[in-house]
Amino acid sequence: MAARHVKEAALMKMKEQLKTAGIIILAVVLMLLLGVNSWRISAPTAVLVAPLAGLVAVSMTIGLGTVSGVATVLVGGLGLLLLASADWPLVLNFLVLVLLVGWLIGWRIPLGQRVTQQQLIWLGIVAGIGEFILNLVQVALVGALTGAGWLIFIRLALLPSVLTALLYAVLVGPLAAFWRWLGRQVLPPEEREGDSENSPQGSVEIDLSNKDKHKQK
């Protein structure tokens with residue numbers, strides 16, 4: 001009997017992992033579409049690609065957790081490298097931002113936990129600011145390593161970096177809300193924090209008569 005329960009639990013776990021993988025594949029496809037169609041800037045010794053694709057991975061981190069976000073970055077980043085739509089510094093940029101946002105949210109927000117629209121907006125703003133800083137650092141390093149000068153690269157990338165940060169701030173929250181909604185539809189329901197079989201159900205009456213008597217004395 002116990003072996004049967006263990007087998008059923010393992011089967012349920014495998015189904016959950018397959019469904020999560022399906023959502024990650026959908027996110028990777030969206031990441032590839034954004035990466036291929038991102039705007040490009042011709043610099044003296046390199047071509048700079050706007051890091052728009054990273055907002056999908058960041059939203060996945062908020063939606064389903066850091067593990068899903070990292071998986072999206074690695075698979076999507078590899079696809080962008082094969083399509084010549086990204087380089088290793090850009091993929092590293094995505095990965096650092098995902099880990100930063102993951103650390104900020106405590107690595108994972110359970111699907112059973114309610115996330116307000118205001119919280120999603122703030123997370124989007126933080127992601128936008130983080131991407132703006134990381135993008136300028138990445139561009140400066142590329143300029144310094146190629147010998148063209150980091151200041152020239154920063155000047156070229158400044159306006160696109162601002163626009164990219166604004167898109168992160170606007171789109172990360174709605175995308176994260178979509179991934180969380182999809183996760184609730186596809187994945188097994190999660191027990192909310194503090195919920196258990198021993199938790200009191202319904203309203204709870206508290207008798208304050210003894211306290212009132214003590215106060216009157």
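The hydrophobic cluster containing Val56 also contains Trp181, counting ILVMFWY residues as joined when their side-chain heavy atoms lie under 4.5 angstrom apart, directly or transitively. In this structure, Ile125 is not a member of the same hydrophobic cluster as Ile109, with clusters built from ILVMFWY side-chain heavy atoms closer than 4.5 Å. Residue Ile154 is grouped with residue Leu166 when hydrophobic side chains (ILVMFWY) are merged at heavy-atom distances under 4.5 angstrom, including chains of intermediate members. Tracing side-chain contacts under 4.5 Å through hydrophobic residues (I, L, V, M, F, W, Y), one reaches Met60 starting from Val186; they form part of the same cluster. A continuous path of hydrophobic side-chain contacts links Val58 to Leu92 [ILVMFWY only; heavy atoms under 4.5 Å].
Taking 4.5 Å as the limit, every side-chain heavy atom of Val75 sits out of range of all side-chain heavy atoms of Ile24. Side-chain contact between Trp179 and Leu26: present, with at least one pair of heavy atoms (C-beta onward) separated by less than 4.5 Å. Between Thr72 and Val98, every side-chain heavy-atom pair lies at or beyond the 4.5 Å cut-off. Inter-residue side-chain proximity for Leu64 and Leu111 is flagged as met; some heavy-atom pair is nearer than 4.5 Å.
The nearest pair of heavy atoms linking Pro188 to Glu16 is CD-CG, 3.9 Å. When all heavy atoms are compared, the tightest approach of Leu80 to Leu32 is N-CD2, 3.7 Å. Across all non-hydrogen atoms, the minimal contact from Gln138 to Asp87 is NE2-OD1, 4.2 Å. When all heavy atoms are compared, the tightest approach of Ser38 to Ala53 is OG-N, 4.4 Å. Pro51 and Glu131 make their closest contact through CG-OE2, 3.0 Å (heavy atoms, listed as atom of the first residue, atom of the second, distance). The minimum heavy-atom distance linking Ser59 with Val172 is given by the pair CB-O, 3.7 Å.
To the nearest 0.5 angstrom, Leu34 atom CG is 6.5 Å from Leu52 atom CG. Taking CD from Gln117 and CD1 from Ile121, the interatomic distance works out to 5.0 Å, rounded to the nearest 0.5 Å. To the nearest 0.5 Å, the span separating CG on Leu55 from CZ on Phe94 amounts to 8.5 Å. The CG atom of Leu81 lies 8.5 Å from the CG atom of Leu90; values are rounded to the nearest 0.5 Å. Here the CG-CD distance, from Leu187 to Gln17, works out to 11.0 Å after rounding to the nearest 0.5 Å. Note that CG of Leu145 and CZ of Phe153 are 10.0 Å apart. Values are rounded to the nearest 0.5 Å.
Within 6.0 Å of the CD atom in Gln185, the count of heavy atoms belonging to other residues, nucleotides or ligands exceeds 12. Within a 6.0 Å radius of CH2 in Trp107, other residues, nucleotides and ligands contribute more than 12 heavy atoms. Counting heavy-atom neighbours within 6.0 Å of Arg184 CZ, excluding the residue itself, gives a total above 12.
In this structure Arg108 satisfies the salt bridge (Lys or Arg N to Asp or Glu O under 4.0 Å) test together with Glu190, sequence neighbours excluded. Here Val126 pairs with Leu104 under the side-chain contact (heavy atoms from CB on, under 4.5 Å) rule; sequence neighbours left out.
Only one option out of Asn135, Leu136, Ile129 pairs with Phe132 in a side chain to side chain contact (heavy atoms under 4.5 Å, CB included); it is Leu136.
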